[in-house]
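Note that the coordinates shown come from a computational prediction; the quantities given were computed from them, not determined experimentally. Below, chains carry the letters A, B, ... as their sequence lines are ordered, and counting in each starts from 1.
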Amino acid sequence: MTTPETLTPIAADVVVPSSLTTPRAGGFAGWRHLALVTESVPATVGLAIVLAWAMLALLAPLIASYAPNASDLAALARPTPSRAHWLGSDHLGRDLLSRILWGARPVLVIAPLAVLGAAALGSLLGLTAGYYGRWIGLVITRACDIVLSFPVIILYMIILAHFGSSAWNIIGVLTLTKAPIIARIVRGMTLDLREREYVAAAKMRGESSLYIMLVEILPNARGPLIVDMCLRTGYNVIIIGVLGFLGIGLPPPDPDWGGMVKDTYGMMMVWPHMALVPCAAISSLVVGFNLLAVGLRELGLRD
Amino acid sequence: MTDAPLLDVQGLRVAYTTRAGEVPVLTGLDLSLRAGEALGLVGESGCGKSTVALSIMRYLGRAGRITAGRILFEGRDLVSLDDGALRALRGRRIAMVYQDPMASLNPVMTVGRQLMEVPMVHERVDAAAARARALAMLREVRLADPEAVMDRYPHQLSGGQQQRIVIAMALIAEPALLIMDEPTTGLDVTVEAAVLDLVRDLRRRHDSAILFISHNLGTVARVCDRVGVMYRGELVEEGSVRQIFTDPRHPYTRGLLDCLPTSGRDKRHAPLIPIAGQVEPASARTPGCGFASRCPHVETGRCTTRAIALATVEDDAGHRVACVRVDELAQASRRRATLAVRDAQAPTAPVIAVRDLHKSYERRRARLAARKDVVRALVDIELTAARRRTLAVVGESGCGKSTLAKILTGIEVATGGSVTLDGIEVAALPVDARDRTLKRKLQMVFQNPDSTLNPSHTVGYAIGRALRRLRERAPADVPSGVARLLEVVKLGPEMAARRPRQLSGGEKQRVAIARALAGDPDVIVADEPVSALDVSVQAAVINLLNEIQAERGTTLLFISHDLAVVRYLADHVAVMYLGTVAEFGAVERVFAPPYHPYTEALLSAVPVLDPDAAASRIVLEAPLPRGDEVPRGCPFATRCPRRVGTVCDDVPPPVQQLDGGHRIACHIPAKELAARQVPL
């Protein structure tokens, strides 16, 4: 039996962007990274979009003119965009702009948290599988393959229907289903990195396997990992939207972009803006994360 | 030969665009090459040798730009030619051979098709004629069984065979100019010798001019008529091979030659003299001589104020030097350094004793196949390393040198036999099972400077961690311990904050040595520690290892394929071939007759600086046998120039014990070997 070395394409050809991952001594490293990101146009645009959404979500209580669930009976008659409701209002007379702003908050918490969870779990699995190889590696890669072979949407429906839909449960299922992908990437890199001479040097001074995996190997895998995490966050935004659309997302009435589309897509012919506005919100955020990922990869390749 | 040069480069300036702006790489280079002449370009990495080649081919890529100068080839200026005209020249009138043959060969096309393509594209000959030409060319590059080679794919050939194919591809169009950029750098010394002899021979027959770029001065001496020495983007000295190697005038050329462990030098009486400092980028140029900052004869003012042009040396036609003090320095004797190294002492007790060591790997023929192949990496290895001495292990790649190191260090375990380290049996003891004292005793310096240090960790962390892990008691003050170790390897304490990518290759290797020294080891295993370094850096690292040994009494196990370095550095030598020890003994005995025929071939293959030296006397044309082709008897029988008969194939050779612990594993009696061999 051969072990499929199916790396997600984006990770396979990524060179660790050394200037991105190795802060020089002195100064706040973050600023240097930020300065570097601006050298790539896609990365700059992507970061701008993501940061803009983050600001809007953070400031939602201050800048949203209406409470997200407040109905304006007057707007029910004319839900189209107006001076009172810049983006119009939905079928229950709720202000779309306010709901979009508030709706950004759960998305921007759940998507990154789920990615962090997947990265932590996936890195651990990938490091173990790649470093030890043999049967441990085989068991882990097979387990990952099994998880990845499920049709994910059905898996989500089963799990969320059984355990109930909540922010934590969504984070949980996203972590579980994304970790195998991260594990594959990390395993592939570990297989390469464990042969480096500095790993042999660490063994010769008697370091534990855990130290070698976490301190000697993992930091050198972080370039492709960061790129993939950006991409993965974008995908999670889509999935959160899909879950909302299927009615197994965050429970109503609090605004949820996917749920907003579900509630109003039936009225597409009459009031298209009701569904299109949340769709546009989802797309722009996904595009933002993707551009950031593409830009970071470009920076990594250039070095 | 006509008077008009075939290639005339005038005032060439090339710059690369980087994030930091435009960086000049060539700063006004002049050189010329007559038809049929071979010019060698030498210099350390970063001095712009390859850029010269790429500029002539106009292959500089998007980042590189010719900012000034002309490249006249057959009277036409290549700088101003358009793409179409360049395409017509490349491959047909100018051909290039690169360092890595696999990068020049198409992996999905047979070698034959790739060869035939050249005349078919450039001369529009038909397939049959092209095939005949290709076959003839393969015969010329001395490939056995050319018909069969035609149908092979590049990966089915050895590195040496691949490089021969690339040379055949370059020569099949009968180019007027052949550019070779480090054509033998990745090859084993025996293969290198064969390829160099081939180039030398083909040159006579094809009348192509050759621009031969190499960092190895010996290879240049073997192939070229004239030599140009480059430093920081310009030519600093130019002359015939004899002029440059016997009467070098520029301080940089002298420095380069003083770095070389040529025969006759040894660590006690004629130590290597590294050039101070390191190559500075051409971008940091100040007016005046580029070498001024490292030159021992620099005179502030004259040397540092204005540009220095190449001028012909008096009474020495064709010898040109870019040095204002050339006449004053002519008489000055070459520098001689003295290095405090203890004299030869009485033999000491062995610290490492290897007896009867075996290592084999099992490999399944195919996945799921029941039959397993056994690959024997080490067979019956027997050697000892004396305390406070250097034992060198030499041999071509694939002969088991690194496997031996891995077993000593416990990264792998032996399948049989015994290895004792200070009397403690370690052959079957993996590194995890060794206690701290044992780990401390033996540390390793690795080959590849780019992978020896973790790019994510600072130098200080790497050394500090080793200090904490290997010392019996954790030192109270790790940073000062790190600084002390950095001082031992002649680096400043400010290095501790650096990361590997901010260091040069030599600096990385010094840090690796400091890391190995952290536990104050009794034995350091150094696996090709200098083979990736430039000669001047190599000299400095070798001297450092010597000094450390003299001061700390460290035993050094030095693994190398470079016989010149081994001859210079070692006290004892083990010559390995295909997992066996062919010859073992004190260095002066191993490097004098009687030799094992393999040692003889290796020594004969070393490129020497003497322009009068004939081609290698012994050339091993056959490649290393593959696992299933190794004879039952002597492993060297398939390539041995002194093979005596079927006894070599069938009976393992006896180990002949000679004076002073010298051992040779050969069927030919040592006396007979000595009678037939000449000192090399």
**Item:** Part of residues 442-453 of chain B lying next to chain A, heavy-atom separation under 4.5 Å
**Value:** B:Leu442, B:Gln443, B:Met444, B:Phe446, B:Gln447, B:Asn448, B:Ser451, B:Thr452, B:Leu453
**Prompt:** Which ring pair (Phe, Tyr, Trp, His ring centres under 6.0 Å) pairs, counting each pair once, include a residue from residues 127-149 of chain A, with sequence neighbours left out?
**Reply:** none
**Item:** Main-chain N/O of B:Val459 paired with B:Arg498 side-chain donor or acceptor, under 3.5 Å
**Value:** no
**Asked** Looking only at heavy atoms, what is the nearest atom pair of B:Asp477 and B:Pro479, with distance?
**Response** OD1-CD, 3.1 Å
**Asked** What are the two closest heavy atoms between B:Ser456 and A:Pro219, and how far apart are they?
**Response** OG-CB, 3.4 Å
**Prompt:** Under the side chain to side chain donor-acceptor pair (under 3.5 Å) criterion, do A:Tyr235 and A:Asn290 qualify, and how do the steps go?
**Reply:** CA-CA 9 Å; A:Tyr235 295 164; A:Asn290 279 14; 5.4 Å; no
**Request:** Name the member of B:Val431, B:Asn454, B:Thr409 that forms the most heavy-atom pairs with chain A at distances under 4.5 Å.
**Result:** B:Asn454
**Prompt:** Heavy-atom distance under 4.5 Å to chain B: side chain of A:Val215, backbone, both or neither?
**Reply:** both
**Prompt:** Which region of B:Asp432, side chain (C-beta onward) or backbone (N, CA, C, O), has a non-hydrogen atom less than 4.5 Å from a non-hydrogen atom of chain A, or is it both or neither?
**Reply:** neither
**Asked** What part of A:Glu195 gets closer than 4.5 Å to chain B, counting heavy atoms only: side chain, backbone, both or neither?
**Response** neither
**Item:** Cationic N near anionic O, under 4.0 Å, A:Arg184 to A:Asp145
**Value:** yes
**Asked** Which bit of B:Arg515 is near chain A, if near means a heavy-atom gap under 4.5 Å: side chain, backbone, both or neither?
**Response** side chain
**Asked** Do you know the tightest heavy-atom contact between B:Glu507 and B:Leu503?
**Response** OE1-CA, 3.4 Å
**Salt-bridge criterion met for B:Arg65 and B:Glu22 (N-O under 4.0 Å)** = yes
**Request:** Under 4.5 Å, counting heavy-atom pairs only, tell me which of A:Glu216, A:Lys203, A:Arg196 racks up the most with chain B.
**Result:** A:Glu216
**Message:** So, taking the atom named CD1 in B:Ile407 and the one named OG in B:Ser402, what distance separates them when rounded to the nearest 0.5 Å?
**Reply:** 11.5 Å
